[in-house]
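In what follows, every chain begins at residue 1, and chains take the letters A, B, ... in the order their sequences are listed. Please read all numbers here as calculations on a predicted model, not as lab measurements.
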Amino acid sequence: MLPRELFRKEPERIREMLRARHTEADLDRLLEVDAAWREVLVRVEELKARRNAGSKEIGKLFAAGQREEAEARKAEMGALGEEIKALEARARELEAELAALELTIPNLFHESVPLGASEEDNRVERSWGEPPDFGFEPRAHWDLGPALGILDFERAAKVAGARFAVLRGAGAALERALITWMLDLHVREHGYTEVLVPYLVNSASLEGTGQLPKFADDLFKVEGHDLYLVPTAEVPVTNLHREEVLAGEELPLRYCAFTPCFRAEAGSYGKDVRGLIRQHQFHKVELVQIAHPEASWELLEELTGHAEAVLQGLGLPYRVVSLCSGDLGFSAARTYDLEVWLPGQQRYREISSCSNFADFQARRARIRFKSADGGKARLVHTLNGSGLAIGRTLVAVLENYQQRDGSVVVPEVLRPHMGGLEVIEP
RNA sequence: GGAGGGGUGGCCGAGUGGUCGAAGGCGGCGGUCUUGAAAACCGCUGAGGCGCAAGCCUCCAUGGGUUCGAAUCCCAUCCCCUCCGCCA
């Protein structure tokens, strides 16, 4: 959500942003409704001021025993009340429409964001590691996994449907090792506080971080309840501090959380239908920071580094990409994607997305801070990034550590978490 | 699921129809005192919106209603606590 002043004072800036994002929003209607709402509001408040003064007088007249005079005023105020009620209803209507429109406007983006229409225009910032040279034709994980007996898509389809997977034996252990190792790394090396949060969240939380109202189709909703399966830990973790005023000194708050993530993936039919890349349910270790506005851009670099440290620790080649204006998420002001090399597909694939939302989420979720030296409460900046998506990391490990005979070497850092296992064999 | 109790400012807590945006306390800020600090004492200290401005309007869980006037009365919903039931 953007500040209303901005719509009023600099609508052209917003129009320009919408163009650069290659997205549509009814800004004209928003401006029209805003003007109408303010007009009605001024009239309502005038009438209310009169009624308040009148009512106060009635109290005094009764106290003074002037009953007749008081009754006359009562009749007068009664008529006023009817008028107020009608105008107020109109004002409420307009404000509701304004609020709804406001939620459909995406965030302004940082000046460093490259302009462009699609992921073709994203900018590669740097890369790390070399794609391995196998000396044989590397296989994709959807061949490797089932052959090793650690991945079963068919039985997953039977118990749930498409876009689900069953991990088995060393596969399940590998997933679990990745989760534990990543959490430990962020907690012990990077100074994050681990939190374990609800996997079902209410609609207020989803509005706070920007998934609702625009992206309801991407979510799984629990029938008969105001509850949704979390699409990412970003939602419960950022909303931990919704409607709070934090102490400036304790910023930044750094949280990491492991959660399953559930996504309906509506509109991605036919995309990544094979393998673990795009699932209705996957695991993710998420990093969330709640920051002082002056520190957030630097913290985005830092947080991205924390996610990179995971890939480096696992020895997985990757590159860092700046999302262009057209590819940027609705709430993000700037995003770095980490893309890991997948030998089975001979391409880089997104494995982490690290964003600064500036005050966009904070305004929706009313997360503010106050400095010890007084002053007004100000909006915080929020950031988050995957550190990392576990399923895709498992894919990357299988494909990058495969051997000619179809076995997979376990990355060294994970071995202590897998009972010392060094190689996954059929 | 059943019965009962409750949701008030950064926090705790009083307030059952008008003078209440709300006592008191804690915390915070400023001051007096002090070499400095603590203690003590004094003062200040909620948020949002509209308006060029003076100023006005909202906000006591949320949404409706009654009334000239609602934190206070009525209805609905949500959340928390206690007990009972069920249950990993």
Side-chain angles (χ1 to χ4, degrees), chain A residues 1-9 30-102 196-208 212 221-222 224-228 236 239-251 253 290 292 359 362-380:
Chain A
M1 193 158 71
L2 298 170
R4 282 186 185 167
E5 283 157 68
L6 197 70
F7 292 114
R8 290 167 195 160
K9 287 184 184 153
L30 187 148
L31 295 173
E32 193 181 303
V33 172
D34 179 52
W37 169 67
R38 283 189 289 166
E39 203 184 302
V40 175
L41 190 67
V42 168
R43 287 176 56 206
V44 170
E45 292 189 351
E46 251 171 42
L47 295 180
K48 281 187 172 177
R50 272 168 57 197
R51 184 180 63 182
N52 286 347
S55 294
K56 214 168 252 183
E57 230 175 283
I58 291 168
K60 279 186 193 148
L61 289 171
F62 272 120
Q66 296 173 258
R67 296 197 69 86
E68 224 164 275
E69 186 67 13
E71 291 298 340
R73 301 290 283 158
K74 254 167 99 162
E76 222 174 284
M77 291 302 121
L80 240 189
E82 292 308 308
E83 205 176 331
I84 288 172
K85 203 175 272 184
L87 269 178
E88 222 175 11
R90 177 75 187 131
R92 251 203 308 274
E93 241 173 67
L94 287 166
E95 202 184 5
E97 188 180 349
L98 177 61
L101 283 164
E102 232 174 359
L196 205 145
V197 293
Y199 303 153
L200 292 169
V201 292
N202 56 31
S203 52
S205 294
L206 287 157
E207 258 182 39
L212 285 180
K221 186 174 192 314
V222 181
H225 298 267
D226 178 34
L227 287 171
Y228 298 78
N239 278 283
L240 245 28
H241 296 290
R242 175 153 47 85
E243 280 152 58
E244 286 187 20
V245 179
L246 303 162
E249 300 74 54
E250 58 183 348
L251 301 178
L253 298 176
I290 299 199
H292 194 284
D359 60 9
R363 184 170 296 106
R364 288 179 162 227
R366 288 188 302 284
I367 308 173
R368 294 168 299 168
F369 74 97
K370 217 173 192 171
S371 306
D373 54 5
K376 297 193 80 171
R378 299 170 58 197
L379 294 168
V380 299

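For the OP1/OP2 pair of B/C50 and a distance below 4.0 Å, the side-chain nitrogens and oxygens of A/R8 include at least one atom meeting the criterion. Close to B/U58, at under 4.0 Å from its OP1 or OP2, lies a side-chain N or O of A/N52. For A/K85 and B/U66, the shortest distance from a side-chain N or O to OP1 or OP2 is below 4.0 Å.
Backbone-only contact: A/L41 has heavy atoms under 4.0 Å from sugar-phosphate atoms and none from a base. Heavy atoms of A/R51 sit under 4.0 angstrom from primed sugar atoms or phosphate atoms, though from no base atom. A/R92 comes within contact range of the sugar-phosphate backbone alone, with a heavy-atom separation under 4.0 Å but no base atom that close. Across all strands, A/G54 comes closer than 4.0 Å to no nucleic acid atom at all (heavy-atom distances). Using a 4.0 Å heavy-atom criterion, one finds that A/R38 contacts the sugar-phosphate atoms exclusively. Contacts of A/R366 with the nucleic acid, taken as non-hydrogen atoms under 4.0 Å apart, are absent. Residue contacts shown for A/D226 are absent, as no nucleic acid heavy atom lies under 4.0 Å away.
Of the options A/L253, A/L251, A/I290, a side chain to side chain contact (heavy atoms under 4.5 Å, CB included) to A/F369 is made by A/L251 and by none of the others.
For B/G49, the base has a donor-acceptor partner in the side chain of A/E45 [N/O atoms by modelled type, under 3.5 angstrom].
A/W37 and A/L98 make their closest contact through CE3-CD2, 4.0 Å (heavy atoms, listed as atom of the first residue, atom of the second, distance).
In this structure, CH2 of A/W37 is placed 9 Å from P of B/G49, rounded to the nearest angstrom. Put simply, CG on A/L47 is 14 Å from C1' on B/C50, counting in whole angstrom units. A straight line from CD of A/E244 to C1' of B/A47 spans 16 Å, rounded to a whole angstrom.
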Give the C-alpha distance, both sets of side-chain angles, the deciding distance and a yes or no for salt bridge (charged side-chain N to carboxylate O under 4.0 Å, His left out) between A/R90 and A/E93.
CA-CA 5 Å; A/R90 177 75 187 131; A/E93 241 173 67; 3.1 Å; yes
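A salt bridge links A/R73 with A/E76: the distance from a Lys NZ or Arg NE/NH1/NH2 to an Asp or Glu carboxylate oxygen falls below 4.0 Å.
Between B/C68, B/A47, B/U66, one nucleotide has an atom nearer to the side chain of A/R368 than all others, and that is B/A47.
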